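This one's a predicted model, so the numbers in the text were calculated from it and none came from an experiment.
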Amino acid sequence: MRFKTPVFICGATALGIAAAVRLGDRAVLAEENGWAAGEFAAAFEPGEGPWEPVTAEGKALADELVRRAVLSSRGTHIQGAAPVFFRLLRDHGVWARFLTRLAGIRRQGDGYVVTLADSEGFHTLEAGTILDTTSTGETAPGRFSGFRESLNATLVPGAEGAEPPVSSDPGLAVIPGSFSDEFYLRCRLEPGTSLEAARETLFLRWGSRGPGLEAWRIAAISPMVSRRAAPGVRRVEDNWFWAPSAACRNLLDAFETGFGLSLPSLEEGGEG
């Protein structure tokens, strides 16, 4: 299959989905995994505060997250954000392809030829602009570094009436969730740690946890390492940009950043 689009967006991240919603039929979005806003929701990454919308689009999203008990004054139940972003894609008719891998990119004139692969085979996409919103810059592997990495988990009390968890280990941080007995555990990692090694690190630290965590149990561990990039948009080549959603302080900030992203080629429809 071969088709054209002004803008190719790599990554169904919070930022990528917002940009796709804004661009409408001028964009095609592809995601390697089956998650929407996975850099936050699937990574169990609550991010940092404040969760204060500054745009009308952000306020509408925040209201929806509150209505669905994903967001409260206490914190966030971040896993519940994925359905909200799937609904955004559906309601706005975004052309999104999940479980689709990026197989290659080559220059063609003023634009690019992008090769995608899924269960049906290979597909060719001609795009004027590439916007990579993934955490590590999947369109330019190895080009970027300086990530802050962690493996995150959710905690549940091991007994009724347990005191809120407190960590004395600088490698383990505890973040409140949306509900009174919901907490996230963030296990800090060395850059480049594989998921298998990350799990080993988490279990080792958890096995030697201090008394502030003894009354708590790990309920679930994220299926992916959370990689947080430095803020800013990087230019890979002409009309090819890396704007990592994971550089934003939280999911709402990432959404508003994507909706308001200002790049010359995007404003011109990606025609160069």
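Among all heavy-atom pairs drawn from Pro176 and Arg74, the shortest one is CB-NH1, 3.7 Å.
Aromatic ring orientation, Phe86 versus Phe98: tilted (interplanar angle from 30° to 60°).
No more than 12 heavy atoms of other residues, nucleotides or ligands lie within 6.0 Å of CG in Asp25, so this atom counts as exposed by the packing criterion. Under a cut-off of 6.0 angstrom, the local environment of CZ in Arg217 is crowded, with over 12 non-hydrogen atoms contributed by other residues, nucleotides or ligands.
For the pair Glu48 and Arg186, the salt-bridge criterion is met [side-chain N within less than 4.0 Å of a carboxylate O]. The existence of a salt bridge linking Lys59 and Asp63 is confirmed by a sub-4.0 Å separation between a basic side-chain nitrogen and an acidic carboxylate oxygen.
With no hydrogens or angles considered, no side-chain donor-acceptor pair links Glu39 and Ser135 at under 3.5 Å. For the residue pair Arg106 / Tyr112, no side-chain donor-acceptor distance below 3.5 Å is found, with atom types taken as modelled.
There is no path of hydrophobic side-chain contacts, each under 4.5 Å, that joins Phe44 to Leu213.
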**OP:** Determine, stepwise, if the pair Ile130 / Asn239 fulfils side chain to side chain contact (heavy atoms under 4.5 Å, CB included).
**Re:** CA-CA 6 Å; Ile130 294 174; Asn239 296 339; over 6 Å; no

**OP:** Report the C-alpha distance between Cys187 and Ser150 in whole Å, list the side-chain angles of each, state the deciding distance to 0.1 Å, and finish with yes or no for side chain to side chain contact (heavy atoms under 4.5 Å, CB included).
**Re:** CA-CA 5 Å; Cys187 177; Ser150 66; 5.7 Å; no

**OP:** Evaluate the side chain to side chain contact (heavy atoms under 4.5 Å, CB included) criterion for residues Leu65 and Thr76: first the C-alpha distance (whole Å), next the side-chain angles of each, then the deciding distance (0.1 Å), finally the verdict.
**Re:** CA-CA 9 Å; Leu65 294 175; Thr76 175; over 6 Å; no

